[in-house]
Each structure stands twice: as C-alpha cells, then as structure tokens.
Amino acid sequence: MSGLWHQVMRSMSRPDASPDDDILALAAADIALRDHPEPPADADVVLDIARSEFAAVLTVRQARAALQRAREMAREQAARDRDRTGGDG
C-alpha cells in the first residue's frame, strides 16, 4: 500500500487543486482496517477517519466502496506474501 500513501501525499500537496476524495477514502479505509480489526471496520469508521485525518467529507457510498477495495487489496497483498514465503506465513 505504499503506492497509495504516495498518491495521498501527492494529492494533498497540490496547492492548485482539491485532494482526490477517492484516494483519501481508500487511505481512510486502509487505516480503518489496520486500526479496527475487531469489530471489523465499517463505513462509519472510514468516514470518521477521513474527516479527522484528512479533513475529507465523503459519502457513505464512497466509504463503503473504499472499504471494499481496501479489503481486496489487503487480501491480494496477503496472497503475494504467502507466495513469496512459500506459505510459511
């Protein structure tokens, strides 16, 4: 997910444009999944993180979509890690 954080920094550092809400939503979802494993993060957690960390106001639809995408990305990363280590976890 380091590429995501590079996109966040680039998006937020452009003085002439608003940050990309979809990127900020995905970053908030990434934080939510790491910081709120139990109970599992939901759209409200993503909305709160986006608001507090990035001053981003998202829709519930954006939060849900970002959370789903972040979950998919985490599963893909875990599969790559298992492949790289030969399944030794």
Side-chain angles (χ1 to χ4, degrees):
M1 287 263 203
S2 62
L4 169 63
W5 293 102
H6 178 73
Q7 290 177 331
V8 168
M9 295 304 295
R10 191 172 60 217
S11 177
M12 293 187 73
S13 66
R14 295 181 312 193
D16 58 333
S18 297
D20 185 322
D21 283 344
D22 291 334
I23 291 172
L24 298 181
L26 188 54
D30 179 53
I31 293 169
L33 291 178
R34 285 186 284 119
D35 291 353
H36 300 277
E38 293 297 328
D42 61 12
D44 288 332
V45 171
V46 174
L47 292 171
D48 288 343
I49 292 170
R51 190 176 311 111
S52 66
E53 296 294 326
F54 306 115
V57 179
L58 307 174
T59 66
V60 172
R61 174 180 270 170
Q62 285 174 306
R64 286 182 182 145
L67 193 54
Q68 180 62 35
R69 181 65 187 132
R71 285 183 176 129
E72 291 168 5
M73 291 170 73
R75 280 192 295 269
E76 291 167 2
Q77 183 63 49
R80 282 192 299 274
D81 291 347
R82 277 192 307 274
D83 289 346
R84 191 175 62 243
T85 62
D88 293 336

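The first residue in the sequence is number 1, and the count goes up from there. Computation of the quantities below employed the complete heavy-atom set of this structure, encompassing side-chain atoms and omitting hydrogens, waters and symmetry-equivalent molecules.
Considering only residues two or more places apart in sequence or on other chains, R75 meets the side-chain hydrogen bond (donor to acceptor under 3.5 Å, both in side chains) condition with none of them. By the side chain to side chain contact (heavy atoms under 4.5 Å, CB included) test, R51 is found to be paired with L47, D48, residues two or more places apart in sequence or in another chain being considered. Take A43 and apply the side chain to side chain contact (heavy atoms under 4.5 Å, CB included) test, not counting sequence neighbours, and it matches V60, A63, R64. Among residues two or more places apart in sequence or in another chain, the side chain to side chain contact (heavy atoms under 4.5 Å, CB included) test is passed with T59 by R61, Q62. Not counting sequence neighbours, the partners of Q68 by the side-chain hydrogen bond (donor to acceptor under 3.5 Å, both in side chains) test are E72.
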Can you give the donor-acceptor pairs under 3.5 Å from side chains of residues 31-42 to other protein atoms, not counting sequence neighbours?
unit_1	atom_1	unit_2	atom_2	d
R34	NE	D30	OD2	3.4
R34	NH2	D30	OD2	3.2
D42	OD1	D44	N	3.2
D42	OD1	V45	N	3.1

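Between A56 and L24, the shortest heavy-atom distance links the atoms CB-CD1, 3.9 Å. Considering every non-hydrogen atom in both F54 and A28, the closest pair reads CE1-N, 3.9 Å. The shortest non-hydrogen separation linking D20 to D22 is OD1-N, 2.8 Å.
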Practice item. For salt bridge (Lys or Arg N to Asp or Glu O under 4.0 Å), just list the numbers for R80 and D83, CA-CA rounded to whole Å, side-chain angles, deciding distance to a tenth of an Å, and then say yes or no. Key: CA-CA 5 Å; R80 282 192 299 274; D83 289 346; over 6 Å; no

Exercise for review: Go through R10 and I23 one step at a time and tell me if the side chain to side chain contact (heavy atoms under 4.5 Å, CB included) criterion holds.
Suggested key: CA-CA 10 Å; R10 191 172 60 217; I23 291 172; 6.0 Å; no

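Taken from CZ in R69 to CG in L4, the straight-line distance is 10.0 Å, to the nearest 0.5 Å. Separating the CE atom in M9 from the CZ atom in R14 is a distance of 13.0 Å, to the nearest 0.5 Å.
No path of Ile, Leu, Val, Met, Phe, Trp and Tyr side chains, each step under 4.5 Å between heavy atoms, connects L26 with L58, placing them in separate hydrophobic clusters.
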